[in-house]
Amino acid sequence: MSNSFKPTVLVAPNAFKDSLTAPQICDYFNSLLSGRYRVISLPAGDGGDGTAEIIASYFPLPRPVYFPAVDALERPVRGTYYRSGKTAIIELAGICGLKTLKIQEYDVLNANTTGVGKAVNHAVTNGVNEILLCVGGSASIDGGLGALTEMGLKITKSHDKYRNHIIDLKQIDPSDLKVKFKDVKFTILCDVENPLYGKTGAAYVFAPQKGASPQQVIQLDTYLKRYASLLTGYSNAAVAGLKYGGAAGGITTAFAVFLGARLISGSEYYLQVSGFEKHLRESHVVITGEGRIDRQSLYGKIPGVIADKCRQRHIPVIAVAGISEPGAEIFDRIFRLIDYAPCLQASIQQAQCYFPALCRDVKKYLDTLFR
């Protein structure tokens with residue numbers, strides 16, 4: 001191969017949760033591979049932690065906006081969203097997601113999405129007319145009631161024992177809410193496709209991750225089903241099986257019903273806004289990944305979506321991950337951080353110590369492909 005030929009490597013990873021951000025991963029590969037290779041960095045986000053900043057970077061002249069918010073338990077915090085023109089890019093995870101709580105603070109009876117409502121109010125008050133909401137990494141199963149009541153939804157409750165309004169909800173009145181936001185366009189980036197309730201719904205699948213006991217899971221699912229019956233009166237479409245309807249504890253369903261929000265795949269939106277397809281056409285190999293590569297990675301998650309695109313064009317695709325499980329054979333090669341660290345905890349908490357060695361082995365593998 002000619003010495004003047006520089007293969008193009010497209011680096012498009014998701015974040016390693018609680019470990020490495022997507023831009024950090026891109027920076028590692030860019031510094032190591034540049035020279036021998038032409039590197040295109042497209043950090044990825046599918047709706048979860050860190051997505052807002054990444055998606056905003058693909059917009060013209062993005063800037064952070066700071067505002068008074070509350071976390072998942074309604075404690076005051078400084079919130080951040082991003083603005084480009086009259087579009088606001090808001091991330092639930094960074095305002096009132098699980099990352100705002102310690103594990104011992106997980107509390108599905110009281111955790112809620114009020115902080116998201118404060119972000120939306122702040123953005124619209126300051127001239128925004130389009131909201132892009134990233135909803136992965138939530139701490140609550142509140143059907144978006146915390147956010148929506150903050151935004152103007154009127155509700156009636158049987159009592160006020162819990163701050164998660166879905167538990168004692170009796171009636172809803174969205175008339176003021178609809179008037180207030182009638183000229184605002186909402187788009188929600190979802191990282192899961194689950195429906196609102198049922199065995200594959202928000203409570204059964206995601207509540208245990210948020211601290212719910214088995215009994216609380218059953219109760220929350222019952223509340224979500226009752227909530228769906230209330231929402232049905234305001235919807236022209238079926239609420240029960242709505243695709244993406246169980247994302248972030250059901251906030252997606254409520255925003256779709258009351259505000260006409262468009263629910264879309266966060267992965268697909270990333271591919272669109274980043275110009276991924278254009279860059280893929282000029283690439284010889286792709287590096288993607290996320291903290292955990294497993295069967296779920298193949299169903300709508302960034303690595304699986306990218307791998308499918310690469311397969312269609314017969315382009316080799318390499319995955320980097322913290323850990324991986326069998327069933328992800330769609331990748332040509334997987335490099336795992338756990339193989340470089342002494343234990344799982346070290347691979348997460350001290351990833352920056354071990355990731356350079358992983359990157360060097362990826363480079364060696366690339367060198368064998370392009371001798």
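Only a predicted model underlies this, so the values are computations on that prediction, with no experimental measurement involved.
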Show your working on side-chain hydrogen bond (donor to acceptor under 3.5 Å, both in side chains) between T200 and N194 and close with a plain yes or no. CA-CA 6 Å; T200 59; N194 304 65; 5.2 Å; no
Might you work through the side-chain contact (heavy atoms from CB on, under 4.5 Å) test for L366 and I318, ending with a clear yes or no? CA-CA 10 Å; L366 291 176; I318 299 165; 3.6 Å; yes
Please walk me through it: do N121 and K180 pass side-chain hydrogen bond (donor to acceptor under 3.5 Å, both in side chains)?
CA-CA 10 Å; N121 284 342; K180 181 179 178 181; 3.1 Å; yes
Check the pair N30, S34 against side-chain hydrogen bond (donor to acceptor under 3.5 Å, both in side chains), reporting the backbone distance first and the verdict last. CA-CA 6 Å; N30 190 55; S34 293; 3.2 Å; yes
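Under the 4.5 Å side-chain heavy-atom criterion for grouping Ile, Leu, Val, Met, Phe, Trp and Tyr, F59 is connected to Y82 within one hydrophobic cluster.
Considering NE2 of H165 and CG of N112, their distance stands at 6.0 Å, rounded to 0.5 Å. Annotation: the span from D221 atom CG to Y197 atom OH amounts to 8.5 Å, rounded to 0.5 Å. Atoms NZ and OG, from K210 and S138 in turn, are 2.5 Å apart once rounded to the nearest 0.5 Å. Distance check, rounded to the nearest 0.5 Å: CD1 of I95 to OG1 of T80 gives 8.0 Å. Going from atom OG1 of T156 over to atom CD1 of I172 covers 10.0 Å, rounded to the nearest 0.5 Å. Taking CD1 of I218 as the start and OH of Y223 as the end, the distance is 11.5 Å to the nearest 0.5 Å.
Heavy-atom neighbours of Q345 CD from other residues, nucleotides or ligands within 6.0 Å: at or below the threshold of 12. Under a cut-off of 6.0 angstrom, the local environment of CD in E150 is crowded, with over 12 non-hydrogen atoms contributed by other residues, nucleotides or ligands. Within a 6.0 Å radius of NZ in K178, other residues, nucleotides and ligands contribute more than 12 heavy atoms. In Q171, the CD atom is not crowded: 12 or fewer heavy atoms of neighbouring residues, nucleotides or ligands sit closer than 6.0 Å.
Using a cutoff of 4.0 Å between basic side-chain nitrogens and carboxylate oxygens, K17 and E290 are not scored as salt-bridged. With respect to R75 and E105, a salt bridge is recorded, a charged nitrogen being found less than 4.0 Å from a carboxylate O. Salt bridge annotation for K363-D367: present, with a cationic side-chain nitrogen under 4.0 angstrom from a carboxylate oxygen. For D332 and R311, the salt-bridge test passes: some basic side-chain N is under 4.0 Å from an acidic carboxylate O.
Using a 4.5 Å heavy-atom cutoff, the side chains of K170 and K157 are not in contact. In this structure the side chain of Y28 reaches within 4.5 angstrom of the side chain of P356, judged on heavy atoms. Contact of the L220 side chain with the V108 side chain is registered, since non-hydrogen atoms from C-beta on lie closer than 4.5 Å. I141 is not listed as a side-chain neighbour of Q219, based on a closest heavy-atom distance of 4.5 Å or more. Annotation: side chain of I334 is in contact with side chain of R336 (closest heavy-atom distance under 4.5 Å). The side-chain heavy atoms of T288 and I302, taken from C-beta on, include a pair separated by under 4.5 Å.
The cationic atom of R262 (NZ for Lys, CZ for Arg) does not lie both less than 6.0 Å from the six-membered ring centre of F186 and within 45° of the ring axis. Both the sub-6.0 Å distance and the 45° axial angle are not jointly satisfied by R333 relative to the ring of F331.
A donor-acceptor pair is defined here as one N or O able to donate and one able to accept, closer than 3.5 Å; no such pair exists between the side chain of S235 and the backbone of T232. Counting only distance, with no hydrogens or angles, the side chain of T252 and the backbone of Y244 share a donor-acceptor pair below 3.5 Å. For the pair R226 (side chain) and A228 (backbone), a donor-acceptor distance under 3.5 Å is absent. Of the possible donor and acceptor atoms, none in the side chain of S283 sits under 3.5 Å from a partner among the backbone N and O of V285. Here the side chain of S213 pairs a donor or acceptor atom with the backbone of Q216 at under 3.5 angstrom. Judged by distance alone, with hydrogens and angles left aside, the side-chain atoms of S19 form no donor-acceptor pair with the main-chain N or O of F16 at under 3.5 Å.
Aromatic ring centroids of H122 and Y66 lie 6.0 Å or more apart.
Between F67 and Y81, the two ring planes are tilted [angle within 30° to 60°]. Between Y270 and F276, the two ring planes are tilted [angle within 30° to 60°].
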